[in-house]
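Structure, as structure tokens:
Protein chains get the first letters and strands the later ones, always in sequence-line order, with residue 1 at the start of each. Just the heavy atoms: all of them, side chains too, but no hydrogens, waters or symmetry mates, feed the values below.
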Amino acid sequence: MTERAANRAWRPQAALPRSFYEGQTIDVARALLGCSLVHHGAHGLRAGRIVEVEAYLGPRDKAAHSARGRTARTEVMFGPAGHAYVYLIYGMHCCMNVVTGPTGSGSAVLIRALEPITPPDARTNGPGLLCRALAIDRRHYGLDLTGDRLFVCAPIERGQAQERIVSAKRIGVEYAGAWAKRLLRFYLAGNAHVSRR
DNA sequence: TCATTGATGGTCT
DNA sequence: GACCATCAATGAG
């Protein structure tokens, strides 16, 4: 946490390969916890450690945007895994997902919160906040996450006991009937940067 | 501390 | 025209 932020310059590792994203969406969601989200932009390097995610399981999942059909907005969800699905919500906030599973499955994982790395005082405890902090917006729609601009890299080894993962209901999807009750939100237990505590 | 509400615009009916 | 995978400001208690 503050130790990582304060000390020697943090350097991103290699981007995770496409095979990482091609797995079962729930498995990918859980595996993303602890990984670093990295953006190399005009502003320089901005990054954070993923501490909260939500899984969206494709068109059968009534909470998923892909359940509304294949449209210009959702097109990237139906493409190959390992690409960014970025959308505008409430007219002012962007949210970022990673596309998962087999091509055509329409599944993705929403990144909901980060523990900031650079800059260390950034507010990243929500899907809109983290996009703003990392300068991610709709221009990144469809971007290949196996490139070197925007990507995820493997967890930083901490030499500590592994952090426990909590499963919970997803936020803001009450309209989705039975799917709203599914425990498809995952976060690191006790982490101070989770969006709702 | 909690509940409520306004901001703001793309997407879909 | 309604809805929305959000956030910040506000006001009551």
Near-strand residues of residues 50-75 of chain A, defined as heavy-atom separation under 4.0 angstrom from DNA chain B: A/Thr71, A/Arg73
A/Arg170 to A/Tyr56 six-membered ring, cation-pi geometry met (6.0 Å, 45°): yes
Side-chain donor-acceptor pair present, A/Ser36, A/Arg49, cut-off under 3.5 Å: no
Residue pair A/Ser66 / A/Thr74, side-chain donor-acceptor N/O under 3.5 Å: no
Nearest-angstrom distance from the residue atom CZ of A/Arg138 to C1' of B/dG10: 7 Å
Rounded distance in Å - CZ (A/Arg132) to C1' (B/dA7): 13 Å
Pair A/Arg18 + A/Asp144, salt bridge at N-O below 4.0 Å: yes
Whole-Å gap separating C1' (C/dA5) and NZ (A/Lys181): 17 Å
Distance test, side-chain N/O of A/Arg196 to OP1/OP2 of B/dC2, below 4.0 Å: no
base_contact_polar (C/dA5 base, A/Tyr87 side chain, donor-acceptor, <3.5 Å): yes
Between P of C/dA5 and CZ of A/Arg182, the distance in whole Å: 18 Å
Phosphate OP1/OP2 of C/dA8 contacted by A/Arg123 side-chain N/O (<4.0 Å): yes
Closest nucleotide among C/dA5, C/dA8, C/dC4 to the A/Leu129 side chain: C/dA8
Sugar-phosphate only, base, or nothing, as touched by A/Leu110 at under 4.0 Å among non-hydrogen atoms: base
Base-paired stems that DNA chain B participates in, counting runs of 3 or more Watson-Crick or G-U pairs under 3.5 Å: B:1-7 with C:6-12, B:9-12 with C:1-4
Heavy-atom side-chain contact between A/Leu32 and A/Val152 under 4.5 Å: yes
Euclidean distance, A/Leu145 CG relative to A/Phe20 CZ, rounded to 0.5 Å: 11.0 Å
Whole-Å gap separating C1' (B/dT8) and NE2 (A/His93): 9 Å
Interatomic distance where OH belongs to A/Tyr175 and C1' belongs to B/dT11 [whole Å]: 13 Å
A/Tyr141 OH - B/dT11 C1' separation (whole Å): 12 Å
Test item: side-chain donor near acceptor, A/Tyr85 and A/His65, under 3.5 Å: yes
A/Leu130 CG to A/Asn125 CG distance, which is reported to the nearest 0.5 Å: 9.0 Å
Euclidean distance, atom CD1 of residue A/Ile89 to atom C1' of B/dG10 [Å, nearest integer]: 9 Å
Nearest-neighbour nucleotide for the A/Met92 side chain, C/dA5, B/dT8, C/dA8 considered: B/dT8
Side-chain donor-acceptor pair present, A/Asn191, A/Glu163, cut-off under 3.5 Å: no
